[in-house]
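Read the structure below first, then the notes.
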Amino acid sequence: MAQQTLLQASFGTQSLLTKLLAVVGGSAVVALGAQVSVPMLPVPMTLQTLAVLMVGLVAGSRLGAAAVLTYLAEGAMGLPVFSNGAAGAAYLFGPTGGFLIGFVAMAYAAGLLAERGVARGFLGTALGVAAISALLYVPGLIWLTAVTPLDLGGAVSRGMLPFLAGDLVKSVIAALIVTGAWTTLRARRG
């Protein structure tokens with residue numbers, strides 16, 4: 001049974017304009033998250049995953065995925081939205097391409113958590129987004145091994161292990177923000 005997302009609960013029935021603003025605004029949030037970056041090779045550490053999770057949790061599965069697809073299209077068309085202001089379609093085929101494409105599924109899955117009512121409480125949200133974050137490594141590592149000289153072990157040690165602690169912290173932050181937003185929304189209505 002579908003539940004309301006934060007976006008729906010905050011703005012009621014969504015008009016086409018509201019949906020368009022959610023998609024464009026969501027792509028901007030992801031682009032901003034990409035600019036908060038710690039340079040690491042071959043994959044930089046950014047706040048992008050937190051941004052993608054938040055867009056999905058707030059907007060829902062379809063609008064969240066659409067926002068990430070918009071973000072990827074913006075970057076492919078040359079807007080400097082990727083990490084450290086990078087741009088161009090070639091960036092999607094570089095070492096981080098699998099993660100970037102995986103962001104679409106990540107936003108969709110986070111949106112499903114919200115739509116199913118799982119992302120209302122702290123524990124359900126934190127565990128759900130931690131699991132979704134872990135699944136992002138599947139396309140990310142497969143792509144990383146395909147386009148770099150790294151074998152799977154090297155890809156894991158350079159493209160996953162340094163990021164696990166950060167993913168857990170981002171999961172907690174996402175859960176705090178979402179549960180705080182729901183609490184605030186209920187208090188305003190109550």
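Quick note: numbers below take in every heavy atom, side chains included, and nothing from hydrogens, waters or symmetry partners. These numbers come from a predicted model, not from an experiment.
- Listed by first and then second residue, the side-chain hydrogen bond (donor to acceptor under 3.5 Å, both in side chains) pairs involving residues 143-162 amount to none (not counting sequence neighbours).
- Pairing each heavy atom of Pro139 with each of Gly102, the nearest pair is CG-CA, 4.0 Å.
- At a threshold of 4.5 Å between side-chain heavy atoms, the hydrophobic network of Ile, Leu, Val, Met, Phe, Trp and Tyr places Leu150 and Leu161 in one connected group.
- Two residues are said to be in side-chain contact when any heavy atoms from C-beta on lie closer than 4.5 Å; Leu47 and Gln35 fail this criterion.
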May I have the list of side-chain donor-acceptor pairs in residues 183-190 shorter than 3.5 Å, sequence neighbours left out?
residue, atom, partner, partner atom, Å
Thr183, OG1, Thr179, O, 2.8
Thr184, OG1, Gly180, O, 2.9
Arg189, NH2, Ala9, O, 2.1

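- Every residue two or more places apart in sequence or in another chain was checked for a side-chain contact (heavy atoms from CB on, under 4.5 Å) with Ala28, and none qualifies.
- The ring pair (Phe, Tyr, Trp, His ring centres under 6.0 Å) check on Tyr91 picks up Phe82, with sequence neighbours excluded.
- Ala59 approaches Gly64 most closely through the heavy-atom pair CB-N, 4.1 Å.
- Leu57 has its side chain out of reach of Leu6: every pair of non-hydrogen atoms, C-beta onward, lies at least 4.5 Å apart.
- Partners of Thr70 according to the side chain to side chain donor-acceptor pair (under 3.5 Å) rule, which considers only residues two or more places apart in sequence or in another chain, do not exist here.
- Hydrophobic cluster membership differs between Leu168 and Val178, with clusters built from Ile, Leu, Val, Met, Phe, Trp and Tyr side chains linked at under 4.5 angstrom.
- Across every non-hydrogen atom of Ala22 and Leu7, the tightest pair is CB-CD2, 3.6 Å.
- Under the side chain to side chain donor-acceptor pair (under 3.5 Å) criterion, Thr49 pairs with Lys170, sequence neighbours left out.
- Leu17 shares a hydrophobic cluster with Leu21; the chain of contacts runs through ILVMFWY side chains whose heavy atoms sit under 4.5 Å apart.
- Val36 and Phe103 fall into different hydrophobic clusters, where Ile, Leu, Val, Met, Phe, Trp and Tyr residues are linked whenever their side-chain heavy atoms come under 4.5 Å apart, directly or through other members.
- Listed here is the closest heavy atom pair of Gly56 and Ala114: O-CB, 4.5 Å.
- Contact check for Tyr137 versus Asp167: side-chain heavy atoms found under the 4.5 Å cut-off.
- For the pair Met54/Ile177, a side-chain contact is recorded, criterion being any heavy-atom separation below 4.5 Å from C-beta on.
- For Ala87 against Gly78, the heavy-atom pair with the smallest separation is CB-O, 3.4 Å.
- Side-chain N or O atoms of Thr96 include none that pairs as donor or acceptor with a backbone N or O of Phe99 at under 3.5 Å.
- Between Ala155 and Leu141, the shortest heavy-atom distance links the atoms O-CD2, 3.3 Å.
- Side-chain atoms of Glu115 do not come within 3.5 Å of backbone N or O of Thr5 as any donor-acceptor pair.
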Show every donor-acceptor pair shorter than 3.5 Å between a side-chain atom in residues 120-135 and any protein atom, with sequence neighbours excluded, or say none if there are none.
residue, atom, partner, partner atom, Å
Arg120, NH2, Gln4, O, 3.0
Thr125, OG1, Gly121, O, 2.7
Ser133, OG, Val129, O, 2.9

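- Checked against side-chain contact (heavy atoms from CB on, under 4.5 Å), Val104 has the following partners two or more places apart in sequence or in another chain: Ala65, Val68, Leu69, Leu72.
- Sorted by first and then second residue, the side-chain hydrogen bond (donor to acceptor under 3.5 Å, both in side chains) pairs with a member in residues 22-33 read Ser27-Glu74; sequence neighbours excluded.
- The hydrophobic cluster around Leu20 extends to Val24, counting ILVMFWY residues whose side-chain heavy atoms fall within less than 4.5 Å of a member.
- For Ser83, the side chain to side chain donor-acceptor pair (under 3.5 Å) test picks out Ser37, with sequence neighbours left out.
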